[in-house]
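For reference, the structure discussed in these notes is given below.
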Number of protein chains: 2
Amino acid sequence: MAKAGASTRKENFASTKRHVTSYDVAQHAGVSQSAVSRCFKPGASVSKKMRARVMAAVEELGYTPNAIARGLITRRSNMVAVIVSNLNFYPEVVSELSARFTERGVHVLLFTLDHESDVSRTLQQVWQYQVDGVIAAAHLSPDEIATFVERDIPLVFYNRSYEDVQVCSVSCDQIEGERALINRLVEASRHRSFAIITGPADSVVSMQRTRGALERLRECGATEVLQVSGDYGYRSGCRAVQEILDRRGDMPDAIICANDVMAFGAMDELRYRLDYDVPGDVSVVGFDGVRAAAWASFDLATVVQPVESMAEAAVSMLMDRVDNPELPPEKRLFSGVLRNGSSIRG
Amino acid sequence: MAKAGASTRKENFASTKRHVTSYDVAQHAGVSQSAVSRCFKPGASVSKKMRARVMAAVEELGYTPNAIARGLITRRSNMVAVIVSNLNFYPEVVSELSARFTERGVHVLLFTLDHESDVSRTLQQVWQYQVDGVIAAAHLSPDEIATFVERDIPLVFYNRSYEDVQVCSVSCDQIEGERALINRLVEASRHRSFAIITGPADSVVSMQRTRGALERLRECGATEVLQVSGDYGYRSGCRAVQEILDRRGDMPDAIICANDVMAFGAMDELRYRLDYDVPGDVSVVGFDGVRAAAWASFDLATVVQPVESMAEAAVSMLMDRVDNPELPPEKRLFSGVLRNGSSIRG
DNA sequence: AACAGTTTTGACTTCGAATGCAATTTATCG
DNA sequence: CGATAAATTGCATTCGAAGTCAAAACTGTT
């Protein structure tokens, strides 16, 4: 970058002058402030000579345009809010979204929710920052969704879909995925009794997965399906297995978990505390396709959500509406990819 | 919040007027814009009557202060940048930082780095957004650090320390932690031969961990220490074990991994592909204390970094310098907590 | 060289909220 | 009650960049 000499000079400027503004640059280059501004606007009409002079001054003073000031006048902050609930904080999703936005020169204001009740407070913050759009991987009430419409702020849900609300979303087909998983189970071997470990009661995703599983199981003629509830965490997977044992007296042929992490808990509990063989005695399946599903310890049969495609879709869907607010709401549904793992018997 | 009636009214306003500004509120309440502004400033001098009138108008119009405009004049954006490199994206850290900042009414602009080379581009972005401070969980060059000083932007490193640079940092004592781990190893049982799986060559943290291990091993009289390199990923843990086997012909008594995830890879490779017993034949230790370390499949002996304390420390260290830029740089070093796991023999 | 046509350029205004200062109201006390 | 101190309020300006529009500088043509 800058050589030592230039660096020293900059330092001096910095200590005397608080912030270098476009005015300073203009003065230094002997041009108008408008000219400086234009040099930073992509398709603007600036002569070569002008651009060169300005850029020289920019270098010398170490000028950086102030995005805050720019945002004020252009009414485009180039920031989007990403709202994720802390519980199901999928790092891949956040980092993938962040990367995709960065590619487009858009910056991510991250909001994590500890409790779903923080939503309204969070939204207050979101409004203040004049973000150009919002990606929500959390549950919003219809009222809250309505405020986005009122304020003309594009909103895209990630893996949350709302049946009766016209709103953008990108999701993985939970029901289809779960059905595929059940198909895999019944094809693989004669599983007769089942248990489902659900996610938290307020998780739509969990409900869909559970519903998909139940539907398909019934269609396949399974009559014996025990349901116990978990919270998506490892420990709740362990506890759920205990509960299954308590309620049934023995283990079912297969345990269907609403997510991978609970499946890990379930497998570990079965193998290490209850001394069952997975998949010999019990098959276990999950949902999500997190990294650890492919680890040899688990080699879990699950549905891999196409995180990259989904993130890309969410980002482009959002940015399309930012550029053109007239676009109608759209729901994009991706299919998950079945991952065969040795956690299924047969 | 607002009843249905009010909501409808808001909607009408919204459709006629682009954004509700403090001027609109002022006019509606029959007061000056300054008054409105003051009603939103904590310790300002406003009479009860005035506040009531203003707030009524605020409610009625659905006004939200514009943080962008505020930031422009106050020169305080109430945003901080959090820079993390994508590779070692520790979700706990990011979400913990985010929560701590949110508590203080500060917002997080998230920057993820795919390659370390993106740093300078990222910093350009950071300058533009006039963030009040930066938390970096990534490597910056001394030149880059210097620009923070020039620009008077407080910077706190998370788990990166620089020996000769005066800069704020919050870290876990990698060397001490690793030494404790080695102590645990030698106390537990007679381990004679060792292998170390390091992290990426450019990771300072990995270097420190390796150094700590080597030092303590030498002090304990270990002569046979093989070093192979990994990249912090699960697969690299697997590969590293193969490499150890190739280079030695057999397995050492203990494998010391620069992080937990590689330790998982190593354990799985040993158990499921090479048919070694862990810890019977080989002990494995990691570093970090991620969630999965406590899972029964691994029950890994490791050093748990006190993420919550560290995040809190980083946040308060940063915000202290934002409020008082004169504070001198400070390095805070936390001790990790040894986690005993059954991945160690004895 | 003079003219119309095209680029470039600069003066001025704008975005929305915060603040110093002066004007005004209210409270306090002899 | 009047005078003075104290609290409240409004006016005008400010932050930094971008856009509007008209003036100025080029271009090419005859």
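Every chain is numbered from 1, with letters handed out A, B, ... down the list of sequences. We use all heavy atoms of the structure for the numbers below, so side chains are in, but hydrogens, waters and symmetry mates are not.
Scanning both residues, B/M317 and B/C168, for their nearest heavy atoms gives SD-CB, 3.6 Å. Summarising the geometry of A/L140 relative to A/E144, their closest heavy-atom pair is CA-OE1, 3.4 Å, with the distance given to 0.1 Å.
For the pair A/H19 NE2 and D/dA17 P, the interatomic distance rounds to 10 Å; values are reported in whole Å. Protein atom CG of A/N78 is 15 Å distant from nucleotide atom P of D/dA17, rounded to whole Å. Distance B/I73 CD1 to D/dT13 P: 13 Å, rounded to the nearest Å. Rounded to whole Å, atom P of D/dG19 lies 11 Å from atom CD of A/Q33. When rounded to the nearest whole Å, the span between CZ of B/R75 and P of D/dT14 equals 14 Å. Between the OH atom of B/Y23 and the C1' atom of D/dA12 there is a distance of 9 Å, given to the nearest Å. A straight line from CD of B/Q130 to P of D/dG16 spans 8 Å, rounded to a whole angstrom. Taking atom CG on A/N66 and atom C1' on D/dA17, their separation rounds to 8 Å, with Å as the unit.
At D/dA18, one or more side-chain N or O atoms of A/S37 fall inside 4.0 Å of OP1 or OP2 (strictly under the cut-off).
Within 4.0 Å of B/V36, counting heavy atoms only, lies no atom of the nucleic acid at all. Contacts of A/T74 with the nucleic acid, taken as non-hydrogen atoms under 4.0 Å apart, involve only primed sugar atoms and P, OP1 or OP2. Residue-level contact check: B/S47 touches the backbone only, with heavy atoms under 4.0 Å from sugar-phosphate atoms and none from bases. Base contact: A/S34 has a heavy atom under 4.0 Å from a base atom.
Where DNA chain C meets chain A (any atom under 4.0 Å from a heavy atom), the bounding nucleotides read 5' to 3' are C/dT8 to C/dG16.
Residues A/R100 and A/E103 form a side-chain contact, since some pair of their non-hydrogen atoms from C-beta on lies under 4.5 Å apart.
In this structure, B/Y63 has its ring center under 6.0 Å from that of B/F40.
Applying the salt bridge (Lys or Arg N to Asp or Glu O under 4.0 Å) criterion to A/D323, with sequence neighbours excluded, gives A/R76.
The distance from atom CZ of B/F111 to atom CZ of A/F101, rounded to the nearest 0.5 Å, is 13.5 Å.
Comparing A/A69 and B/G30 by the nucleotide of DNA chain D whose heavy atom lies nearest to each, the residue mapping closer to the 5' end is B/G30. Projected onto DNA chain D by closest heavy-atom contact, B/K49 and A/P65 fall at different nucleotides, the more 5' of which corresponds to B/K49.
With D/dA17, D/dG16, D/dG10 as the choices, the nucleotide that has an atom nearest any side-chain atom of B/R38 turns out to be D/dG10.
Of the candidates A/Q125, A/Q128, A/Q124, A/R151, B/T64 forms a side chain to side chain donor-acceptor pair (under 3.5 Å) with just one, namely A/R151.
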